[in-house]
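Note sheet for the following structure.
Both counts, for ligands and for their atoms, begin at 1 and track the order of listing.
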Amino acid sequence: MKKVLAAAVIAATCFSLPALANPLIIKFSHVVSPDTPKGKGADKFKELAEQYTDGKVLVEVYPNSQLYKDKEELEALQLGAVQMLAPSLAKFGPLGVRAFEVFDLPFIFQSKDDLNKVTQGQVGQDLMAMLEPKGIKGLAYWDNGFKIMSANSPLHTPDDFLGLKMRIQSSKVLEAQMQALEAIPQVMAFSESYQALQTGVVDGTENTPSNLYTQKMHEVQKHATLSNHGYIGYAVIVNKKFWDELDPTLREQLERAMADATTYANEISQVENDEALAAIRAAGHTTIYELTPEERSEWVTALRPVHEQMASRIGPEVIESIYQTLQN
Ligand code: LMR
């Protein structure tokens, strides 16, 4: 009996060894610092995925565009060179999935609650489904936060943007937004933004406090306005073929890791941004400005027409379904 048990133990050990010695690797590439909502979310997913699969999966996280910049990372995912990414929702246009640019419409969301209604509801699911013909599966939405505008001159009213070169993400809606302010939009990879600001290739930018702070962009921007005119969040995506071909038990464990990492990432995002804003203030390079209600309504008047202007690109029905969702 003892012998049988011993044999069973040996067999079990031998069986599990090859899996541990040769784990399945998930390469998770992203462009921001590890010390951001997305960076921390990715690290949490790694921790939980490895724990829930008992080490059968190893997640290699590559932050700060170490492996790929914005555009290349989506190509790498489609080719299977990496398995997982979390690009900003503003970066799916060049892939041909323009509906995601709805998230960039100025002043469409008043709060994170608004956002959750969209991302956790039917619209969020429908958008993710649009990625599938591109060989991509959407797993989750992760929050970053609302954007602030920055430059080396004060940005109080729309007139203050006249002629400023502003770095944007690769979204036509963001291009239209900057044009509505009579600024000159410049699409640029995230990894190149700091240097472009530092050398004066661009005058200003828009981003969340956590992205500005962790890339040190605030050190080269004298003014920032808490405009909350738009939002940055992410779609966590995987190569669909890779995901579909996973062992079903493993996939379930990874789905659980993703669900828990998503809860974590979305819980920390506001605090991360609040702390980054406090750190930007404390660093003393940047004067932080809050819009008066009158100034805010000038911004809204200048930017709201972008909704109509971009309707045919995004799909009027997508915009309408968001308006509907937010009314309820
Ligand atoms: C940007 O390019 O500004 C952001 O999308 C970066 C990010 O991933 O948050």
Could you tell me whether the side chains of Y231 and D143 share a donor-acceptor contact shorter than 3.5 Å?
yes
Any luck finding a side-chain donor-acceptor pair between S171 and D104 under 3.5 Å?
yes
What's the separation between atom NZ in K117 and atom OG in S111, rounded to the nearest 0.5 Å?
7.0 Å
For ligand 1, indicate whether the residue [X] contacts it via side chain, backbone, both or neither (heavy-atom separation under 4.0 Å).
X	answer
R167	side chain
N211	side chain
T36	neither

Under 4.0 Å from any heavy atom of [X], which atoms of ligand 1 are there?
X	result
N207	1 (C), 3 (O)
S88	5 (O)
V32	6 (C), 7 (C), 8 (O), 9 (O)

Does at least one non-hydrogen atom of K91 fall below 4.0 angstrom from an atom of ligand 1?
yes
Considering distance alone, does some N or O of Y234 sit under 3.5 Å from an N or O of ligand 1?
yes
Should D70 be counted as touching ligand 1, given the test is an N or O pair under 3.5 Å?
no
Q195 atom CD, neighbour heavy-atom count above 12 within 6.0 Å:
no
Given ring pair (Phe, Tyr, Trp, His ring centres under 6.0 Å), test F161 with W299 step by step and report yes or no.
CA-CA 11 Å; F161 286 84; W299 284 53; 5.4 Å; yes
How about E206 and H229: do any of their side-chain heavy atoms sit closer than 4.5 Å?
yes
Check whether any side-chain heavy atom of V32 sits under 4.5 Å from a side-chain heavy atom of P63, and report yes or no.
no
shortest atom 8 (O) of ligand 1-to-protein heavy-atom contact is with K38 NZ, 2.7 Å
Around atom 5 (O) of ligand 1, find the nearest protein heavy atom and jot down its residue, atom name and distance.
Q169 OE1, 2.5 Å
Are Y289 and H156 an aromatic pair, judged by ring center distance below 6.0 Å?
yes
